[in-house]
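Numbered from 1 within each chain, the chains take letters A, B, ... in sequence-line order. None of these values were measured; they are calculated from a predicted model. What you see below is based on every heavy atom in this structure, not just the backbone, and it leaves out hydrogens, waters and symmetry mates.
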Amino acid sequence: MIEADRISKTYARGVYALRDLSLRIDKGDFVFLTGPSGAGKSTLLRLLLRRDVPSEGQLIVGGRNLAELTPRQVQAYRRSLGFVFQDFKLLQNKTVLQNVALVPRVLGMPPSQQQRRTFQVLKWVGLQHRMSAYPLELSGGEQQRVAIARAIVNDPVIILADEPTGNLDPDLSLEIMNLFREINARGTTVVVATHDRELIRRVGRRSVTLNHGQIAELA
Amino acid sequence: MRALQYFFSEAVASLWRARSAAVLAIVTIAVGLFVLGFFLVLNTNLQRVVSQWSESAELSVYLNDDATAEQLKSVDEMVAGSGLSSRRHYLSKAAALARFKGDFPDLASTAGALSGNPFPASFEVQLRTDVRGATGAVDGFVTAMSGMPGVADVHYDREWLTRLNAVVRGMRIAGGVIVVMLALAAAMTVANVVRLAAASRRDEIEIMQLVGAPFAYVRGPFVAEGILQGGAGALLALLALAAGFYALRLRFGAAAVQATGGDSLTFLPVPVVAILLLGGMTLGCIGGYVVARRVR
Ligand SMILES: Nc1ncnc2c1ncn2[C@@H]1O[C@H](COP(=O)(O)OP(=O)(O)OP(=O)(O)O)[C@@H](O)[C@H]1O
Ligand SMILES: [Mg+2]
C-alpha cells in the first residue's frame, strides 16, 4: 500500500528531516510512527498527505509515485485519505454536523446520502447528541472524535494521524486509539504518529521508531 | 446549484466577518462606477443637444436690399441645384423684423424707432445631415454663393459646432481614462478585501485542500465574494446617480432645457444601467479570481 524507497527530505540550510528512509506499510496495517521530537514523524505524514514531495527517493502509495501526480490527481488521491491532527483542525464557525458534512458535500455525494453517512459516523464516534454544538463547546476528546468522524466519513483507504492524542489524557487517548483500532479492523490502513510510548504499548501494534530522520527501530 | 448556494453563503459570511473592509471595497467600486455613470449621463444628454443643434444649424444667405427678382431667383436655383440643402426658406425683410420683435420684445421698441427696417432679407438653408461633415463641399458652396450678384453675405455657423464636437470628444477621452483608472482601483480594492477574507478563511481552505475538494469548490467562494461586492458597489453607484440626477433635474432641469433649447434631460437607458451592474460584478469577479487563482 505505502512504499517509501530511500526517501530524504531536506529543508533550507541542508537540514535533513528525513534521511534515506525506506519503509513498507501493507494494506490493512496499523503502524505507529514514534521517536523523539524532530525525528521526522510529521514530515513523513506531510509527504504521505502530499502536502510536500521528497527531496530524493520515491514515495509510492497505491502504486502511484506521489511526486508525479498532477494537481487534479492530488485531489483524487487525497479523497482516498482521512487525516487527524493534534489540533483537530475543526472550523470554529461551523457546527459539529457541518464540520463533518463538509467532506461528502464538497466531494459531490448526493444530499440524502450525505446526511445518512454523516449521522452514521457521528453516531459511531458517540456524538449524535452534540451534532448542533460548535467545536469550542466540546471537550478536547469530543473535538477529536469529531475530527475522526470527519476523517472516516468518506470511507478512506488510509488514515493518517499526527499526534491525535497529544492534547488528551491517557484514558481519553486509549479511547481514541480504540476508535482507530475499529477503523483498522474494517480494513483501513492506519498510520499514527505519536511520541507516547506507553500508549503504543497499551495498544500493542507495530511501531516504527525514527531518529534524526532515519529508522532507528522496527517493532 | 447547491455549489452556488454554498459559494454565496460562504461569501456572505466571509464579507460579514470583514464588513468594514468590504464596505470600503463596495464604496470604491461605487465611486468608480458613479463617475463612469456620470460621464455616461453627461454624454447621453450632450449627444442629444449637439445633434439637436446640428439639426438647426443652417447657412444664411443675406441679400442686398436692392437685389432684383432675377437675382433672387438665381440664388434660389443655385441653392436648390447644389444638392447640399435639405430645406430652404426665404425670409423677407419684414419677416426678419417680425422675428426680431418676437425674440427680443424689449429691444423691439428701439428697433421700431429706427428709420426703416435694418434687417436684410435672407435665404435660410438647412444643410443635409450627410453633407455637414463634408467641409470642402460646404466651403466651396459658401464661397460661390458669396460671389453671386445680389448676395450681401453668407453666414455659416460651422466653426463653433466643430469646436463643440471637439470638446465633447475630449471629454469622452478624459472620461474614458478616468473610468479605466477607477475600474482598476476598484478591482484592486476587491482583490485586497478578498485576500483579507482569504486569510481569515485559511483553516477552511486548508481543510478543503486536505480532503481533496475540487478547485472550483475551494475558489468559488472568493469569486462569489468579489461578485457580491461588485454588484453591491454598482447598485450603490446607480442609486446615487439616479438620486443625484433626478434631484438636479427637478431643480435645474427647466433652466437647462431653456438654455440648450433641447428636450428634457434623460437618465441612462436601461441597457446601459444593466451593463453598469454587470460591469461592477465583472470587476468584482476579476478581483476575486485574482486571489482565488493562487489557491491550489
Ligand atoms: N517547514 C520546515 N522548515 C524547516 N525545517 C523544518 C520544517 N518542518 C520540519 N522541519 C525540521 O525537520 C525536522 C523534522 O521535523 P518533524 O516536524 O517532522 O519532527 P517530528 O518528529 O514530527 O517532531 P515532533 O515530535 O516535535 O512533532 C526538524 O528538525 C524540524 O526542525
Ligand atoms: Mg510532529
Subject >> Candidates A:Leu90, A:Val106, A:Leu91 - the one meeting side-chain contact (heavy atoms from CB on, under 4.5 Å) with B:Ile207 >> reply: A:Leu91
Original post:
Of all heavy-atom pairs between A:Arg51 and B:Glu206, which one has the smallest distance, and what is that distance?
Top reply: NH2-OE2, 2.5 Å
**OP:** Give, for atom CG of B:Leu210 and atom NZ of A:Lys89, the distance between the pair rounded to the nearest 0.5 Å.
**Re:** 7.5 Å
**OP:** Kindly compute the distance separating CZ (B:Phe215) from CD (A:Gln75), expressed to the nearest 0.5 Å.
**Re:** 4.5 Å
**OP:** Under 4.5 Å heavy-atom distance to chain B, tell me which part of A:Leu81 shows up: side chain, backbone, both or neither.
**Re:** neither
Original post:
Near A:Arg117 CZ, under 6.0 Å, is it more than 12 heavy atoms from other residues, nucleotides or ligands?
Top reply: yes
Original post:
Is the CD atom of A:Gln98 crowded by more than 12 outside heavy atoms at less than 6.0 Å?
Top reply: yes
Original post:
Does atom CZ of B:Phe267 have more than 12 heavy-atom neighbours, drawn from other residues, nucleotides or ligands, at distances under 6.0 Å?
Top reply: yes
**OP:** Under 4.5 Å heavy-atom distance to chain B, tell me which part of A:Asn93 shows up: side chain, backbone, both or neither.
**Re:** side chain
Subject >> Over 12 foreign heavy atoms within 6.0 Å of CZ, A:Arg64 >> reply: no
